[in-house]
Student: 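Before we start, here is the structure in question, set down as structure tokens.
Both counts, for ligands and for their atoms, begin at 1 and track the order of listing.
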Amino acid sequence: MAMTSLHDLFVHHMKDMYYAEKKLTKALPKMAQKAGDQRLRSAFEEHLKQTEEHVKRLEQVFQQIGEKASSSTCEAIDGIVKEGEELMSEAKQGEAMDAGLIAAAQAAEHYEIARYGTLASWAKMLDMPEAEKILHKTLEEEKKTDEKLSKLAMEQVNRKAA
Ligand SMILES: [Fe+2]
């Protein structure tokens, strides 16, 4: 195995997230369109705006470290998005579709939370406080989105029980 520095790992994961965020900007409009519940649809639309902002923030970090913003294929997000697409082609519109969309979106959020958490701590270790701050801001937004999705899932369960 080649000896990769922490800085190299950081850059690699930045490219991976740049790919992932851009991929999600394409997936989210389709998810919003398939959502039956109005609040779920707005949650996806709102998160699309945030995701576009996340792409810009990554570009800021690239600029700070003197790297050109570029993507490297992230197989994890490809897999999560592909699974979501399969679900959208198979699930019945309505309750099952919405539950599946929430599950797919949370899988993406959890992946992003893991990655941004790592990137933020690596930025700290590499003594890049500005990058750390930016990455942390996105991390917090991903966490909030995840919480919102959990809430919508619970409301769906409660509605069903009522
Ligand atoms: Fe994001």
Side-chain angles (χ1 to χ4, degrees), residues 6-35 37-65 67-88 97-126 128-156:
L6 181 58
H7 186 269
D8 293 340
L9 269 181
F10 179 81
V11 172
H12 176 81
H13 281 73
M14 280 288 299
K15 290 180 179 176
D16 179 290
M17 280 317 285
Y18 193 55
Y19 177 93
E21 294 283 20
K22 285 203 289 188
K23 181 114 185 175
L24 291 171
T25 60
K26 293 187 194 105
L28 281 162
K30 293 181 211 159
M31 293 168 80
Q33 209 182 13
K34 288 278 183 180
D37 184 271
Q38 181 53 48
R39 280 169 315 159
L40 182 58
R41 192 177 315 148
S42 339
F44 286 146
E45 283 162 357
E46 192 192 324
H47 195 56
L48 171 62
K49 286 191 207 118
Q50 283 183 337
T51 302
E52 285 161 353
E53 197 56 40
H54 297 172
V55 170
K56 286 188 201 143
R57 285 193 199 135
L58 288 172
E59 287 166 355
Q60 275 180 284
V61 174
F62 276 119
Q63 203 180 20
Q64 282 173 5
I65 61 174
E67 289 275 343
K68 195 173 137 273
S70 64
S71 304
S72 108
T73 307
C74 168
E75 281 171 28
I77 208 74
D78 274 350
I80 289 169
V81 167
K82 187 166 174 262
E83 222 177 53
E85 279 167 355
E86 277 165 21
L87 175 131
M88 286 190 280
M97 178 69 79
D98 285 2
L101 286 171
I102 292 172
Q106 285 195 289
E109 287 310 317
H110 291 185
Y111 178 71
E112 291 191 284
I113 289 167
R115 281 297 187 241
Y116 279 115
T118 296
L119 280 169
S121 32
W122 285 353
K124 193 181 175 73
M125 285 166 75
L126 290 164
M128 304 187 296
E130 277 310 306
E132 186 200 348
K133 215 167 99 187
I134 293 170
L135 293 163
H136 210 262
K137 196 170 173 187
T138 300
L139 174 64
E140 289 308 310
E141 284 178 5
E142 307 290 15
K143 285 184 185 167
K144 281 214 181 80
T145 300
D146 182 49
E147 279 165 28
K148 188 193 270 179
L149 290 166
S150 289
K151 227 169 154 187
L152 286 171
M154 275 320 291
E155 281 169 16
Q156 195 186 26

Student: Say whether Tyr18 and Glu59, considering side chains only, have a donor N or O and an acceptor N or O under 3.5 Å apart.
Tutor: yes
Student: Just to be sure I understand the site: which N, O or S atoms from the protein are less than 2.8 Å away from the Fe ion (ligand 1)?
Tutor: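 Per the 2.8 Å query on the Fe ion (ligand 1), atoms found are Glu21 OE1, Glu21 OE2, His54 ND1, Glu112 OE2, Glu142 OE2.
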Student: Compare every heavy atom of Ser72 with every heavy atom of Tyr19, then report the nearest pair and how far apart it is.
Tutor: CB-O, 3.2 Å
Student: Please assess Gln156 against Asp37 for the test side-chain contact (heavy atoms from CB on, under 4.5 Å), listing each intermediate value before the final yes or no.
Tutor: CA-CA 9 Å; Gln156 195 186 26; Asp37 184 271; over 6 Å; no
Student: Dump the intermediate steps for salt bridge (Lys or Arg N to Asp or Glu O under 4.0 Å) on Lys30 and Glu85, then the final yes or no.
Tutor: CA-CA 9 Å; Lys30 293 181 211 159; Glu85 279 167 355; 3.7 Å; yes
Student: Go through the steps to decide whether Glu140 and Lys144 satisfy the test salt bridge (Lys or Arg N to Asp or Glu O under 4.0 Å), and finish with yes or no.
Tutor: CA-CA 6 Å; Glu140 289 308 310; Lys144 281 214 181 80; 5.6 Å; no
Student: Given Arg57, which of Glu21, Glu142, Glu141 fulfils the salt bridge (Lys or Arg N to Asp or Glu O under 4.0 Å) condition?
Tutor: Glu141
